[in-house]
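Notes to accompany the following structure.
Letters go in sequence order (proteins before strands), and every chain restarts at 1.
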Amino acid sequence: MSVCLTDYLENSARRFADKPALTENGGVVCTYRELRDAARRAAAALARQNVQGTVLVMAGRSIQAVQAILAVLYAGAAYAPLDPTSPPARLRDICAALDKPPVLCTRQQLARCPALTELCGQVLVWEELIESAPDDALLENRRQSVRPDQTLCVMFTSGSTGVPKGVVKTHAAMDAFETAFISQFSLTDRANWGNQSPFYFDASAKELYSVLRTGATMHILSTGLFSQPLELVRTLNALQIDTISWVPSALCILSRMDVFSVEKPAFLQRIFFVGEVFPIEHFRIWQAALPDVAFTNLYGPTETAGIGCWYTVPAAFSGQVLPIGGPLPGVTVQLRDENGRIIEQPDVQGEIWLGGETLAKEYLNDPERTARMFVSENGMRFYRTGDLAGRDGQGLLVFRSRADHQIKHMGHRIELGEIEARAGAFPGVDRCCCVHDTAKERLILFYQGAAPMKELYIYLRRELPRYMVPARLVPCEMLPCNANGKLDRPAMTKRAEEL
Amino acid sequence: MLRDEIKEIMEELRPDLDMETETDLIDRGTLDSFDIISLVSELNDAFDIHISVEDLVPENLNTLDAMVQLVERHQQED
């Protein structure tokens, strides 16, 4: 029988029935037995309503979001998690990409977003689903139907044309990743995870399935805690959290506010950071404050399940850039030149190609892009990441830059073109250019035209996810261009740094 | 005036908010962690103060007037 990730929960619910699987806001607890029961109850209702394909799941930072995701999987379907506070334009685009999908949401989420009824094929209300009777035979039947290449989830990521693109991942790929990840880092049921990545964010999947498979506990930290760093550290200590996997932007909140001079996280043993480059001066503040903690850099694009490369930083690390290291077991990583040839020389930069069982299956409804980015060679599939890297003196991979205008901001990957396409559609924006000011870690949009700044900002907040909304909008008489008439991005990046 | 300067900083940071009417900015999550970090760094630079992590509680940041009081306190102490 092929793998299905609900097996993780089945096994852990047998071994650790009364142990907390998830907690929320420090107080609310969901044991493994409760998690399994709620998910299976809702799953039976989904199966009886013959829900199939990919279900849009409104997934906030809550126990309910995990229960809903697992319910969809128990019902033999796949999920596409979405931020319940997504702006209307994003919701519209994603529903269109999924072709009027069924949507699973709470009553409150539906009340806040009545458009779901129009945009989605079938509206499945959580409170109604969990009231229905369980049906073990029906779910067993659904479990048996799971194929080896069954879709687990569709994760949406920024697209340069202005429309988000869906990445399709399978159960088998996520399982291959978890097998390698758990064994590489000796993760066990004793771990107490402090979850920062919301469940609509790709980075949360590796953490969620590690927890479910090992039978560990995940404490879901509320968004508000990250606005109150001292309260956040006190919460980590009260919950005795020992393992975290956060984006560097979140870690930097603590180092920037010098919270360690007042209180330190006393129980942390392992810190994974993922999603973007950890600025070295902030890393050093963390390392100095917590010398006994293992710090591990994880690297992997959305197009793989979990991550592909890792690097645990030694105490004596003195470099200026944290390497992304080398591959997890089972992952192949190569540097390729512009013609796709493998680079053997140690000091030559190239594009990272990832290969192996953990790769995503495809881009949703986009065979042309899939064929371009996922290539097969001698029986192995590779994904061309577009990330340029070199090797340091020890042969470790070091990320250098992107081959395009994709950037990382607040741990999210963003195509600057998507922001420009949205802003350019606003009346009174004749031309615009979005740049990433890495020194201050902010996005700046320069625009030409009569659009009032306040109205443009309000429009962008409605059209784009929070992390893509520029911190500053700067009206310009004329955007600088180079000799070929193309936007002079380097000039604008320099100007952004001077703002 | 101090109050106008802080208002201006907030209007630049969040052009969508009317600071005269907003309350419970932290408790309601209107300002997120990235707004807070930007605000602290702008206030520190503009008034040459040092807002500490212990100041980052809702009482100090929920309204424009609370922010004014926070800055005034620091101007006297720092």
Side-chain angles (χ1 to χ4, degrees), chain A residues 60-61 85 87 196 221-234 246-247 249-264 282 409-412 437 439-443 452-462 465-474 499, chain B residues 4-64 66-67 69-71 73-74 77-78:
Chain A
R61 285 181 204 250
T85 65
Q196 173 262 325
L221 303 168
S222 69
T223 318
L225 278 178
F226 289 84
S227 298
Q228 301 173 58
L230 189 53
E231 191 56 31
L232 175 58
V233 172
R234 289 181 176 150
W246 290 5
V247 294
S249 302
L251 295 167
C252 287
I253 292 173
L254 302 192
S255 40
R256 185 165 285 130
M257 288 312 301
D258 190 26
V259 67
F260 303 134
S261 65
V262 183
E263 191 150 343
K264 290 179 188 173
H282 284 280
H409 177 55
M410 298 190 192
H412 293 268
D437 171 8
K440 289 193 181 154
E441 193 42 50
R442 58 184 185 169
L443 298 170
M453 199 237 286
K454 180 171 174 172
E455 275 70 36
L456 178 59
Y457 182 83
I458 292 168
Y459 161 81
L460 291 174
R461 289 279 307 212
R462 213 167 53 226
R466 172 71 178 99
Y467 56 86
M468 291 176 75
V469 177
R472 290 282 287 276
L473 305 179
V474 184
L499 277 175
Chain B
D4 293 334
E5 284 181 69
I6 296 175
K7 190 175 162 190
E8 205 171 297
I9 287 172
M10 274 307 301
E11 276 167 357
E12 192 128 286
L13 197 67
R14 287 290 300 271
D16 56 327
L17 301 181
D18 177 0
M19 287 305 290
E20 294 298 347
T21 57
E22 287 288 344
T23 54
D24 301 327
L25 284 163
I26 302 297
D27 288 330
R28 279 201 205 138
T30 312
L31 296 185
D32 63 26
S33 56
F34 296 97
D35 293 323
I36 299 295
I37 296 299
S38 308
L39 174 64
V40 168
S41 111
E42 297 279 344
L43 293 177
N44 283 345
D45 286 355
F47 303 108
D48 193 27
I49 55 175
H50 181 75
I51 294 173
S52 83
V53 71
E54 286 156 302
D55 296 318
L56 300 191
V57 291
E59 303 88 273
N60 287 333
L61 300 163
N62 265 337
T63 62
L64 176 60
M67 294 175 192
Q69 285 174 22
L70 174 68
V71 171
R73 205 160 60 237
H74 273 282
E77 287 169 10
D78 289 5

Can you list the donor-acceptor atom pairs spanning chain B and chain A that come in under 3.5 angstrom?
residue : atom : partner  : partner atom : Å
B:Asp32 : OD1  : A:Arg466 : NH2          : 3.3
B:Asp32 : OD2  : A:Arg466 : NE           : 2.6
B:Asp32 : OD2  : A:Arg466 : NH2          : 3.4
B:Ser33 : N    : A:Ser227 : OG           : 3.2
B:Asp35 : OD1  : A:Arg466 : NH2          : 2.7
B:Asp35 : OD2  : A:Arg466 : NH2          : 3.4

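Within the 4.5 angstrom heavy-atom criterion, atoms from both the backbone and the side chain of A:Val259 approach chain B. Contact of B:Leu61 with chain A is not made at all, since no heavy-atom distance falls under 4.5 Å. Both the backbone and the side chain of B:Leu56 come within less than 4.5 Å of a heavy atom in chain A.
The heavy-atom pair separating A:Leu230 from B:Val53 by the smallest distance is N-CG2, 3.8 Å.
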